[in-house]
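Written out below as structure tokens is the structure these notes cover.
Residues take their numbers from the sequence shown, with the count starting at 1. Atoms within a ligand are numbered from 1 in the order they appear, just like the ligands themselves.
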Amino acid sequence: MAAQDARDVAAAVKFARRHKLRLVVKGGGHSYHGASNAPDSLLVWTRKMNAVGMHEAFVGQGCPPESAQAAVSVGAGAMWADAYSAVTTRGGRYVQGGGCTTVGVAGLVQGGGFGSFSKRFGTAAANLIEAEVVTADGEVRIANAVTNPDLFWALKGGGGGSFGVVTRLTLRTHPLPAFFGAVFGEITAATPEAWRALVARFVDFYATSLFNEHWGETVSLREGKRLKLSMVFQGLDRAQAQAVWAPFFAWVRERKEYSVKEPTVMAVPAREFWNPRFFAQHAPGIMTMDGGAQASPDRFFWTGDGEQAGWFIHGYQSAWLPAKLLHAEGQALLVEALCAAAAQWDFELHFNKGLAGGAREALAATGNTSMNPAVLDAFALAIIAGGSGPAYPGLLEKPRDEERAHGARRPRSEARWTRC
Ligand SMILES: Cc1cc2nc3c(=O)[nH]c(=O)nc-3n(C[C@H](O)[C@H](O)[C@H](O)COP(=O)(O)OP(=O)(O)OC[C@H]3O[C@@H](n4cnc5c(N)ncnc54)[C@H](O)[C@@H]3O)c2cc1C
């Protein structure tokens, strides 16, 4: 059922109750677990409810006038591309969402939700001010810090599809920094000793220079003693970002046991960061437009995210790494663990998915959500995963290998990675 508004959703909930049907909700459809569909269910699809409206001074229902703040209200069916276009490209403000533009706003916020700049702005859930939600009795309710506060707290990270059908979300907006940017590079070590020294140098560099609100995203430890850097920054310009990294790259270049792919440091005016027209002109190919017949001209995805469409995940594990591992006495242990793990399988450290080192307001707001509080003490999320290419009709690259998928040892070159 393609709902148009909260009344449609309420009617669907009441119908499902009356007929004892399982009800599932689908937003962006990006659940890794397939939680937004189920056999023999009534599926409520929110896609058409994708209006986005900005507020200069939003006051939640029942909240005091002095709580007024800049905000955006987003229909539950919107994708992050819709929100970023309205809030940043057209509105000149920032809203905390996810890195992947095709993820649904409602699913991501209810799951906690990290974006590249979460160390500065907190999780998406931490930025929720108010939700309109249809509860299991079929009533349309408002949830915020004052009205239905328990429901509000649960929605901030308690998991999509658990506490009701959200029909609209209102999220805090922030002033935009001047620039967003990225640092890409890859360093290969010639020997196991050089590899260990490189990992130790990077860990120390991270602890002293990157463990702050400016830096997020990913470093991968790869087969062949390769350290792949895909970091992003906010609140610095290109020259400042280059200066941060200069001592690290100087250390690497001074040693003949490393080969370095020339690192790239780039920055774009923050307002253009989600603007397909800007990238079409300055970096064609980095974004792919949604080619659907009724697609809005604002809908795009990062081309690098495309390989995740339909991929088949064999295994996926993650662990938060506590910030005490960055202290002098913890670093040796961390380096030991990273080298031991990298000897088995490629893996990634996602620094924006642990909030330690982040801005005080980001930590305070994220602490006031239903997410596991370990997120506050972690400096990164370590992700290790294995999978193979698209495995669905129409997306098929090659038939899925059941034997391999069920545990037979596979060459590590088949490992696939997610940046999201
Ligand atoms: C390619 C990809 C990229 C990703 N990138 C990121 C990222 O950058 N950061 C991050 O934190 N996570 C990321 N994720 C994880 C993503 O945030 C979660 O999978 C999220 O739950 C997806 O939301 P959705 O609306 O797109 O998915 P759906 O599959 O539609 O929904 C996910 C869950 O939320 C429920 N739900 C959806 N809408 C509603 C609603 N209106 N009311 C109540 N329940 C609802 C569904 O029933 C389901 O249980 C990514 C996932 C993928 C596949």
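Between Y32 and Y316, the ring planes lie tilted relative to each other; the angle falls in the 30° to 60° range. A perpendicular orientation is assigned to the rings of F114 and W320, their planes being inclined by more than 60° (bins at 30° and 60°). Relative ring orientation between F211 and F379 is described as perpendicular, the plane-to-plane angle rising above 60° on a 0-90° scale split at 30° and 60°.
In this structure, G111 falls outside the shell of residues with a heavy atom less than 4.0 angstrom from ligand 1. The closest approach between a heavy atom of G164 and any atom of ligand 1 is below 4.0 Å. The shortest separation from a heavy atom of V103 to ligand 1 is under 4.0 Å, placing the residue in contact.
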For this session: Go through the steps to decide whether R277 and E272 satisfy the test salt bridge (Lys or Arg N to Asp or Glu O under 4.0 Å), and finish with yes or no.
Result: CA-CA 9 Å; R277 288 159 290 281; E272 308 295 357; over 6 Å; no
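Counting only residues at least two apart or in different chains, salt bridge (Lys or Arg N to Asp or Glu O under 4.0 Å) contacts with residues 231-244 are absent.
Under a 4.0 Å criterion applied to the non-hydrogen atoms of G99, ligand 1 contributes the atoms 7 (C), 8 (O). Counting atoms of ligand 1 from 1 in the listed order, those under 4.0 Å from a heavy atom of G160 are 34 (O), 35 (C), 44 (N), 49 (O). Every atom of ligand 1 is numbered from 1 in the order shown, and the set under 4.0 Å from a heavy atom of V165 is 42 (N), 43 (C). Near K26, with a cut-off below 4.0 Å to any heavy atom, the atoms of ligand 1 are 30 (O). In summary, the atoms of ligand 1 found under 4.0 Å from a heavy atom of S31, numbered by their order in the structure, are 19 (O), 27 (O), 28 (P), 29 (O), 32 (C). For ligand 1, the atoms lying closer than 4.0 Å to a non-hydrogen atom of G113 are 11 (O). Listed by atom number, the atoms of ligand 1 under 4.0 Å from G161 heavy atoms are 35 (C), 43 (C), 44 (N), 45 (C). Listed by number with element, the atoms of ligand 1 under 4.0 Å from a non-hydrogen atom of G107 are 20 (C), 21 (O), 23 (O), 25 (O), 34 (O).
Counting heavy atoms under 4.0 Å from ligand 1, residue M79 does not touch it at all. Both the backbone and the side chain of C100 come within 4.0 Å of ligand 1, judged by heavy-atom distances. Contacts between A76 and ligand 1, counted as non-hydrogen atom pairs separated by less than 4.0 Å, involve the side chain only.
Ring to ring, W245 and F184 are not that close: their centroids are 6.0 angstrom or more apart. In summary, the aromatic rings of F300 and W274 are positioned with their centroids too far apart to meet the 6.0 Å limit.
Side-chain N or O atoms of H350 include none that pairs as donor or acceptor with a backbone N or O of E217 at under 3.5 Å. Of the possible polar contacts, one joining the N127 side chain to the F121 backbone as a donor-acceptor pair under 3.5 Å is found. Judged by distance alone, the side chain of S73 and the main-chain N or O of G53 form no donor-acceptor pair under 3.5 Å.
Of the candidates Q110, R47, H30, H30 brings a heavy atom nearest to atom 53 (C) of ligand 1. Between the choices V9, L43, V25, the shortest heavy-atom distance to atom 47 (O) of ligand 1 belongs to V25. Nearest to atom 48 (C) of ligand 1 by heavy-atom distance, out of A124, A125, A78, A35, is A35.
Applying the side-chain hydrogen bond (donor to acceptor under 3.5 Å, both in side chains) rule to D82 yields the partners R299; only residues at least two apart in sequence or on another chain are considered.
At under 3.5 Å, not a single nitrogen or oxygen of K353, backbone or side chain, sits near a nitrogen or oxygen of ligand 1. For ligand 1, the polar-atom distance check finds no N/O of A106 at less than 3.5 Å from any of the ligand's N/O atoms. Here's the thing with G29: one of its N/O atoms is less than 3.5 angstrom from an N/O atom of ligand 1.
Counting heavy atoms from C-beta on, the side chains of V244 and F233 never come closer than 4.5 Å.
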